[in-house]
Amino acid sequence: MHPAPSIIFFTVFSGLGFGMLSFLGLGKPDVSGFTAFVFFAIAFAMAVGGLAASSLHLGNPQRALKAFTQWRSSWLSREACLAVAALATMGLYAIGVVFFDTRIAILGLLGSSLSILTVFATSMIYAQLKTVPRWNQWTTPVLFLLYAMTGGAFFTAQMWLMPWLFPLLTVVQIVAWVLGDRRFANAGHTLETATGLGRIGKVRMFEAPHSSDNYLTKEMVHIVGRKHVSTLRIIGLLSLTFLPWFAMVFLPFGHMLALAAALLHILGALTTRWLFFAQAEHTVGLYYGQR
């Protein structure tokens, strides 16, 4: 599928923001006053900024409010409702921590839970799509949650979790790639099944359905060379987990080093998320002789 910058920005930064809020809601780190304000400000900026970026991908942004009305059947609508609930709850919790040095534990726990559920709802928007076999598997929600929790722990200075989360995220991401590379073929989607003409025999394309690009070819069909995929996967994993971990363990700690490690982690997340979308083979591509 076409890796739209707005969707990449949305999924990466909203995940980081809600991941941070999930830890802040649990009182991690145990800060108050101006220090707490900085942590909450970064978390809210990422979460709200990511959500705002998603609106840029809407065909009719003026109808965005309708996204809240279909929560019974739509994961997109559930995500919208959960995001508002999480931000409102964590906003109230943050006011108590920042201005009154008071932690309302039940409010923080509720906000933390809602933040995690928001990330899960985001992941299910993609995991539910049977037309994109690479996404339609268990690794999609697990990866979204792991990205959020790893980034959240990293940005809230929960370094005791990094020796566990970094390797776990690396392993699950590799597993997702290995399984994903075989998903389309294993699903059995072919030009015969797409056209319904398989009972006649082998089907081949006589000519393209359109003489120029249309919405489907621009949004649903995107081809990435295997050589580029391998390079980007290596760059993504190195930046996402290995280099930040190496910097924390083997280099003298400092604010500039922490900033560099954080930027590397974000770069890795953006790279792997770009691949998440760019490598997603939609079945509609079969009609255009592509996957």
Side-chain angles (χ1 to χ4, degrees), residues 9-53 82-119 122 144-166 168-169 239-241 243-270:
F9 187 94
F10 153 58
T11 54
V12 169
F13 284 97
S14 67
L16 283 172
F18 283 113
M20 284 188 69
L21 289 174
S22 68
F23 280 98
L24 291 169
L26 299 176
K28 306 292 183 182
D30 186 9
V31 291
S32 59
F34 181 74
T35 304
F37 172 79
V38 172
F39 275 103
F40 278 107
I42 294 173
F44 275 102
M46 287 183 172
V48 175
L51 292 171
L82 285 167
V84 171
L87 292 172
T89 304
M90 288 304 300
L92 292 174
Y93 178 76
I95 290 173
V97 175
V98 173
F99 296 104
F100 302 103
D101 195 15
T102 300
R103 298 185 185 280
I104 305 176
I106 187 64
L107 203 59
L109 181 60
L110 177 60
S112 178
S113 301
L114 287 170
S115 297
I116 294 172
L117 286 173
T118 301
V119 176
T122 301
F144 269 70
L145 290 170
L146 268 178
Y147 270 78
M149 299 311 296
T150 302
F154 191 36
F155 279 80
T156 55
Q158 303 305 300
M159 297 306 155
W160 61 280
L161 283 173
M162 294 299 96
W164 302 95
L165 289 176
F166 273 160
L168 182 59
L169 177 57
S239 302
L240 182 70
T241 57
L243 291 178
W245 172 81
F246 181 87
M248 290 187 309
V249 173
F250 295 103
L251 299 179
F253 179 80
H255 291 297
M256 293 305 296
L257 178 64
L259 177 61
L263 292 176
L264 276 172
H265 180 76
I266 292 175
L267 173 63
L270 290 170

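Along the sequence shown, residues are numbered consecutively beginning with 1.
- The side-chain heavy atoms of F18 and L51, taken from C-beta on, include a pair separated by under 4.5 Å.
- Closest of all the heavy-atom pairs between A148 and G15 is CB-O, 3.4 Å.
- Between the side chain of T102 and the backbone N or O of F100, at least one donor-acceptor pair lies under 3.5 Å.
- Note: T118 OG1 to L87 CG = 7.5 Å, rounded to the nearest 0.5 Å.
- Counting heavy atoms from C-beta on, the side chains of L21 and F44 come closer than 4.5 Å.
- Annotation: side chain of F10 is in contact with side chain of T122 (closest heavy-atom distance under 4.5 Å).
- For D101, there are no salt bridge (charged side-chain N to carboxylate O under 4.0 Å, His left out) partners at least two apart in sequence or on another chain.
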Checklist line | Check against side chain to side chain contact (heavy atoms under 4.5 Å, CB included), F23 and F39 | finding: CA-CA 11 Å; F23 280 98; F39 275 103; over 6 Å; no
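- Between I116 atom CD1 and L82 atom CG the span is 12.0 Å, to the nearest 0.5 Å.
- Shortest non-hydrogen contact noted between L24 and A43 is CD1-CB, 4.0 Å.
- Between L270 atom CG and T11 atom OG1 the span is 8.5 Å, to the nearest 0.5 Å.
- In this structure, CZ in F166 is found 7.0 Å from CG in L240, a value given to the nearest 0.5 Å.
- Nearest heavy atom pair, residue L257 against residue P252, reads CD2-O, 3.1 Å.
- In this structure, NZ in K28 is found 12.5 Å from OG in S22, a value given to the nearest 0.5 Å.
- Looking only at side-chain heavy atoms (C-beta outward), M90 and S115 come within less than 4.5 Å of each other.
- Looking at heavy atoms from C-beta onward, R103 lies in side-chain contact with D30 at the 4.5 angstrom threshold.
- Between M162 and T241, every side-chain heavy-atom pair lies at or beyond the 4.5 Å cut-off.
- To the nearest 0.5 Å, atoms CD1 (I95) and CG (L107) are separated by 10.0 Å.
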Next item on the list: Go through the steps to decide whether F40 and Y93 satisfy the test side chain to side chain contact (heavy atoms under 4.5 Å, CB included), and finish with yes or no.
Entry: CA-CA 10 Å; F40 278 107; Y93 178 76; 3.9 Å; yes
Checklist line | CA sep, side-chain torsions, deciding dist, call: M149, V119, side chain to side chain contact (heavy atoms under 4.5 Å, CB included) | finding: CA-CA 10 Å; M149 299 311 296; V119 176; over 6 Å; no
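- Panel note: side chain T150, backbone L146; a donor-acceptor pair is recorded below 3.5 Å.
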Check: Given M20 and L16, is the side chain to side chain contact (heavy atoms under 4.5 Å, CB included) satisfied, shown in steps?
Finding: CA-CA 6 Å; M20 284 188 69; L16 283 172; 5.7 Å; no
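- With hydrogens and angles ignored, the 3.5 Å screen pairs no side-chain donor or acceptor of T89 with any backbone N or O of A86.
- Contact detail for F154 and P244: the closest heavy-atom pair is CZ-CB, 4.2 Å.
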